Amino acid sequence: MSESDIGFQAALEEARKGASEGGVPIGACLVSADGKILGRGHNLRMQEGSPTIHGEIAALNNAGRLPASAYEGATMYTTLSPCDMCTGACLLYKVKRVVLGENSTFVGGEDYLKQRGVEVINVKSAECEDLMKKFIKEHPGEWNEDIGEQ
């Protein structure tokens, strides 16, 4: 898994889109075991005034209603370590692998995913980290709200 993977590139495009909209720059992309993009999206909490539309949730939502078998062997690409809510969604749908862009600005449920048998890969993307650091510096209140701190 690397930054060149189609799923990671889609997640990164979504993060950039979120940043351009003034939102939290976190993107995600759900890819099937055979390499097909099932859904992609970005954090829309600020844009939609929603408490739950994180990037991973948006990607799952945009994938639409799928049978459980569609998630078998799937990979969730996300530009940031997934929070508890998004970790739970990955576990609920039995996602096999989570590839994250970075975890230096936030560490979510990675250990829990691993404990439950999910492969977790950190590509340590400088661009993902830079997007988050800029947002956190410019919008500390909104960031704290996003991660349930405020």
Side-chain angles (χ1 to χ4, degrees), residues 1 3 5-19 21 23-125 128-129 131-133 135-136 139-150:
M1 298 291 143
E3 288 187 67
D5 289 348
I6 189 170
F8 185 77
Q9 284 303 308
L12 190 51
E13 288 170 14
E14 291 290 335
R16 291 178 192 130
K17 184 176 179 184
E21 296 169 351
V24 183
I26 301 170
C29 181
L30 182 65
V31 177
S32 67
D34 63 358
K36 178 184 173 201
I37 291 179
L38 299 173
R40 57 188 278 175
H42 58 279
N43 186 305
L44 290 166
R45 289 188 71 254
M46 292 176 67
Q47 299 92 314
E48 300 288 330
S50 167
T52 58
I53 307 178
H54 284 192
E56 299 89 338
I57 301 303
L60 286 164
N61 192 49
N62 290 333
R65 186 176 169 191
L66 299 171
S69 61
Y71 301 101
E72 288 180 26
T75 298
M76 178 66 78
Y77 292 86
T78 179
T79 57
L80 184 66
S81 180
C83 73
D84 289 342
M85 176 178 65
C86 297
T87 293
C90 288
L91 291 172
L92 177 68
Y93 292 105
K94 297 177 178 60
V95 169
K96 178 182 175 182
R97 180 182 306 107
V98 174
V99 177
L100 53 112
E102 63 100 357
N103 67 356
S104 66
T105 59
F106 176 79
V107 177
E110 296 169 47
D111 287 342
Y112 189 51
L113 287 166
K114 290 174 188 174
Q115 288 171 9
R116 297 285 303 271
V118 176
E119 181 182 7
V120 177
I121 300 167
N122 183 354
V123 299
K124 300 179 182 176
S125 166
C128 291
E129 185 175 339
L131 281 167
M132 286 309 305
K133 283 182 175 178
F135 181 82
I136 292 167
H139 306 278
E142 288 84 354
W143 171 243
N144 285 329
E145 179 185 312
D146 193 70
I147 60 172
E149 297 289 325
Q150 189 175 4

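Quick note: residue numbers are just sequence positions, from 1. Predicted model, so just to flag it, every value in this text is computed and none were measured.
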Q: List the atom of A28, the atom of M76, and the distance in Å for their closest heavy-atom pair.
A: CB-SD, 4.0 Å
Q. For T52 and M85, what are the C-alpha separation, side-chain angles and deciding distance, and is it a side-chain contact (heavy atoms from CB on, under 4.5 Å)?
A. CA-CA 8 Å; T52 58; M85 176 178 65; 4.0 Å; yes
Q: Mind telling me whether F135 and W143 have parallel, tilted or perpendicular rings, with 30° and 60° as the class edges?
A: perpendicular
Q: Tell me, with the steps shown, if I121 and L100 meet side-chain contact (heavy atoms from CB on, under 4.5 Å).
A: CA-CA 6 Å; I121 300 167; L100 53 112; over 6 Å; no
Q. Do the side chains of I37 and I6 get nearer than 4.5 Å, heavy atoms only?
A. yes
Q. Could you give the distance from OH (Y77) to CG (D5), rounded to the nearest 0.5 Å?
A. 4.0 Å
Q) Distance only, no hydrogens: is a donor on one side chain within 3.5 Å (strictly under) of an acceptor on the other, for E102 and S125? A) no
Q | From CG (L113) to CZ (R97), nearest 0.5 Å | A | 13.0 Å
(Q) Just so I know, are the side chains of E142 and V24 near enough to count as touching, which here means a heavy-atom distance under 4.5 Å? (A) no
Q: Check T79, L12, I26 against L131 for a side-chain contact (heavy atoms from CB on, under 4.5 Å) and give me the one that passes.
A: L12
Q. Heavy-atom distance under 4.5 Å between the side chains of Y112 and P82, does that happen here?
A. no
Q) OH of Y93: more than 12 outside heavy atoms within 6.0 angstrom? A) no
Q: Could you tell me whether the side chain of N61 and the main chain of I57 form a donor-acceptor pair under 3.5 Å?
A: no
Q: Start with the C-alpha gap between C90 and Y71, add the side-chain angles, then the distance that decides, and say whether side-chain contact (heavy atoms from CB on, under 4.5 Å) holds.
A: CA-CA 9 Å; C90 288; Y71 301 101; over 6 Å; no
(Q) Less than 4.5 Å apart, side chain to side chain, heavy atoms only: is that true for V31 and L38? (A) no
Q. Does a side-chain heavy-atom distance below 4.5 Å link P25 with R16?
A. no
(Q) Side chains of V118 and K114, heavy atoms from C-beta outward: is any pair under 4.5 Å? (A) no
Q: Using a 4.5 Å cut-off on heavy atoms from C-beta on, say whether the side chain of E110 contacts that of N103.
A: yes
Q: Check step by step if side-chain contact (heavy atoms from CB on, under 4.5 Å) holds for T75 and K96.
A: CA-CA 6 Å; T75 298; K96 178 182 175 182; 5.9 Å; no
Q. What's the spacing between L91 CG and Q115 CD if we round to 0.5 Å?
A. 10.0 Å
Q | Over all atoms of both residues, closest heavy-atom pair of E129 and S104 | A | CD-OG, 3.0 Å
Q. Would you call R45 and E145 a salt bridge, using N to O less than 4.0 angstrom?
A. yes
Q: Give the minimum heavy-atom separation between C29 and A10, together with the two atoms involved.
A: SG-CB, 3.7 Å
Q. Of all heavy-atom pairs between G101 and C128, which one has the smallest distance, and what is that distance?
A. CA-SG, 3.9 Å
**Q.** Close side-chain approach of T78 to V98, heavy-atom, < 4.5 Å
**A.** yes
**Q.** Closest contact, heavy atoms only, H54 versus C83
**A.** ND1-SG, 3.3 Å
Q. Which pairs count as side-chain hydrogen bond (donor to acceptor under 3.5 Å, both in side chains) when at least one residue sits in residues 32-43, sequence neighbours excluded?
A. E13-R40, E14-R40, E14-H42, E21-H42, S32-D34, N43-D146
Q. S81 side chain to V107 main-chain N or O, any donor-acceptor pair under 3.5 Å?
A. no
